[in-house]
S.K.: 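Before anything else, here's the structure in question.
Order of appearance sets the numbers: ligands from 1, and atoms from 1 within every ligand.
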Amino acid sequence: MRKLLTASLMAALLGSTAAAAQSDPLAPTGRWTAYTAGRATTPPMGWSTWNAFATAIDEEKILGSAKIIVDSGLAAKGYRYINIDDGWALKRRMPDGKMIIREDKFPSSRTGGDAPSFKAYTDKLHAMGLKAGIYSDLGRNTCSEAYSPTDDDLPKGTVLEREVGLYGRIDQDIALYFKDWGFDFIKVDSCGLRDYAPQAERVTSGKFRALGPFLDSSEVMRTDIATIQGMFRQINTALVRENPDGDYLLSLCVWGSANVRAWGKDYGGISRTSDDISPAWGRLLVNYDTTVTRSLYAHPGSWNDPDMLHIGAGDFDADHLTEARSHFALWAILNAPLLIGADLRTTPQSLLDIYGNTDLIAINQDPAGNQAVLAHDSSDLQILVKTLSNGDKAVAIFNRGSGDYDVDLGANHLKFADNAPIELTDLWSKQKTSFTKRTKLHVKPRETLIFRAHGTRSLQGGYYLSEQPGSVNPAVDGIVQPTPDPSIFRTAAGWGGTGGPGDRPSYAGWGGARADSAPYGQNLQIAGKRFAAGIGILANSRLEVRNGGAGRFTTLVGVDDSASDKTSDVTFAVYGDGKLLATSKPAKWGMAPQSISVPVAGVKLIELVARSPRGDNQRLPVTWGEAALLDR
Ligand code: GLA
């Protein structure tokens, strides 16, 4: 309370809206604040070394796969980034700190001069029409330095020479990687902030210097989020400075820890939502689950990253085409980066065909940038629907479990009218079928049916906001205390094996803003009235909504029935380009929804603020029911 008074007093004294915005996160800004720097207007596509080779990388392996990407036609379909992951660094030269490449593995880096350079390598990729990616870490050391079973591929030399991460070296390294060496993409990992605590054996043994830890991936409460964000801000400043043409892409690799699922969208082009994928079905479920409820946190310029594709190995190899196809279909509809993780030199045609499915690539790369939203949600079967830029829908029916399912797919799932025909195109077989109102489908264990659907919209003359999550940014989602999300699958095939205590909830994000769902997963509902469409978010939140030319915004607002704070008032306000357009009366749990309808013609950015000065945000979900942008 004291803080609030001081802040508003200060704003009044200064009389400036800038000061008000600084002190009040719910004050409208009139601008879209999610990340749009760099080149990620659609999810990046390409190839990465890690899943196929770990640190056992060399130029021949990489260029071998790059050549197949071009020769097979995959490059022409959009696969562009060829990314070197961990394992390229020999050492940091002392005393000038210049990074030295393992030139025995990258012969083209030999310059005969002062130090090896990747310039010839990136020139080669660029000449092939491709882009080049590199890898580093926020800390002084990388993940392989902490986890590799052998020293073979690891940096060599003294303790200081083996410090190949960005910590304290951001400006120097980013200039080298982007300006001198010509890279276009950087993945920034985080083990250096987590695994080098003073008491860690690798530190007490004298092998590495201690740092932090700033990060605890199993306990968000022990994470220094502000420090991590500060480092990414510095990296961004350096990227802008070294890339005057803006051709760069920053990939955040904080694995869903540090509550990054709430703020990654503000700091980079893609952001990992979970720990590493492995070629195991259980691990796919974990990574998928960390992204699937986060549609509102993905936008053109800032995508959720459930990790690289693992098609080609284990449960996703050529003997498991059902699983491999599910993996690709799900990543495509979730707007995940499509980064191939296989050695393409040995990948069978049946799997290359999966990577090359142009219809699925088109779903992933659709310019509207709407991540799919859950239209049916249960632990074993889910229906995901993604609104495409021409009004068609992509729909995936995902059987997570081990039993067969007969599924009813309805016009309601698609937000299509149930009295007009709906045409389905199967994106694997290309077969077309049509139905009205409801159709029966069969889905086998671990299978994902995926279609493009064309029909008549049930909402005439406009879109629900929940159909266009790519244009909605939960700038402030009301979460005060990041809490692990208990709904994410936890697999016994995890890193600790089954000997330990098991895979406990660790990825924060519980209570985040949701499309067509209340923040904790219930149906949207105000005073007993159910909403099939809408945005669920906690109180004391601010949503930014891009308006692509609509004339009117309409919604029915109130405290959601799932709120356990039954006494606090919430006031709903709608702003257009920073100016107040409408306010509700104070609403409380159990009060009927209030209608808001305001003209927004000419408005570029709408902001939706739900304010409750005395409310307990995390016990106070609110609903923007049937929130829609209409032509008139
Ligand atoms: C971490 C990342 C992986 C990979 C390895 C490299 O585990 O999450 O994607 O980059 O480090 O060591």
Side-chain angles (χ1 to χ4, degrees), residues 44 46-58 61-62 81-90 102 105 133-155 162-167 177 183 185-196 202 208 213-218 228 232 249-258 260-261 264 268-280 283-284 286-287 290-291 303-313 327 331 336-342 493-496 503 506-507:
W47 180 90
S48 166
T49 52
W50 184 253
N51 287 349
F53 302 116
T55 50
I57 52 176
D58 63 44
K61 290 175 178 165
I62 299 171
Y81 287 94
I82 303 297
N83 296 340
I84 301 180
D85 206 285
D86 206 349
W88 63 267
L90 178 67
R102 295 172 73 194
K105 301 286 173 190
I134 194 157
Y135 166 96
S136 191
D137 194 286
L138 285 176
R140 294 194 187 107
N141 300 95
T142 70
C143 291
S144 63
E145 291 187 278
Y147 295 110
S148 175
T150 73
D151 277 355
D152 295 352
D153 299 314
L154 298 184
R162 283 184 281 105
E163 292 183 348
V164 297
L166 290 173
Y167 194 79
Y177 302 160
F183 281 99
F185 177 113
I186 186 165
K187 169 171 167 181
V188 179
D189 217 338
S190 311
C191 289
L193 300 187
R194 179 186 68 182
D195 299 317
Y196 298 85
R202 59 181 73 88
F208 298 99
F214 300 107
L215 191 58
D216 181 332
S217 8
S218 54
I228 299 168
F232 281 121
L249 204 153
L250 173 60
S251 157
L252 272 54
C253 187
V254 196
W255 330 287
S257 58
V260 73
R261 288 197 292 145
I270 57 177
S271 174
R272 283 275 297 277
T273 51
S274 69
D275 207 328
D276 296 3
I277 194 162
S278 72
R283 209 47 238 179
L284 171 131
V286 176
N287 288 32
T290 59
T291 289
W303 308 104
N304 290 315
D305 176 5
D307 205 1
M308 299 165 286
L309 296 161
H310 225 317
I311 295 164
H327 187 2
W331 263 233
L338 299 180
L339 295 172
I340 298 172
W495 320 122
D503 195 11
S506 59
Y507 303 114

S.K.: Tell me the residues surrounding ligand 1, counting only those with a heavy atom closer than 4.0 angstrom, sorted by chain and number.
M.R.: Trp50, Asp85, Asp86, Tyr135, Cys143, Ser144, Lys187, Asp189, Cys253, Trp255, Arg272, Asp276, Met308
S.K.: Ring centroids only, cut at 6.0 angstrom: are Trp88 and Tyr177 within range, meaning strictly under it?
M.R.: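 Between Tyr177 and Trp88, which both carry aromatic rings, the centre distance is below 6.0 Å.
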S.K.: Identify the two heavy atoms, one from Trp255 and one from Cys143, that lie closest to each other, and give their separation to 0.1 Å.
M.R.: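 Nearest heavy atoms, Trp255 then Cys143: CZ2-SG, 4.1 Å.
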S.K.: Taking side chain as C-beta onward, heavy atoms only, is Asp85 less than 4.5 Å from Met308?
M.R.: yes
S.K.: The test is salt bridge (charged side-chain N to carboxylate O under 4.0 Å, His left out); show your working for Arg194 and Asp216 and say whether it passes.
M.R.: CA-CA 6 Å; Arg194 179 186 68 182; Asp216 181 332; over 6 Å; no
S.K.: If I compare all heavy atoms of Cys253 with all of Asp189, which pair ends up nearest, and what's the gap?
M.R.: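 So the two residues come closest at SG-OD1, 3.2 Å.
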S.K.: A side-chain contact here means heavy atoms from C-beta on lying under 4.5 Å apart; do Ile277 and Asn51 qualify?
M.R.: yes
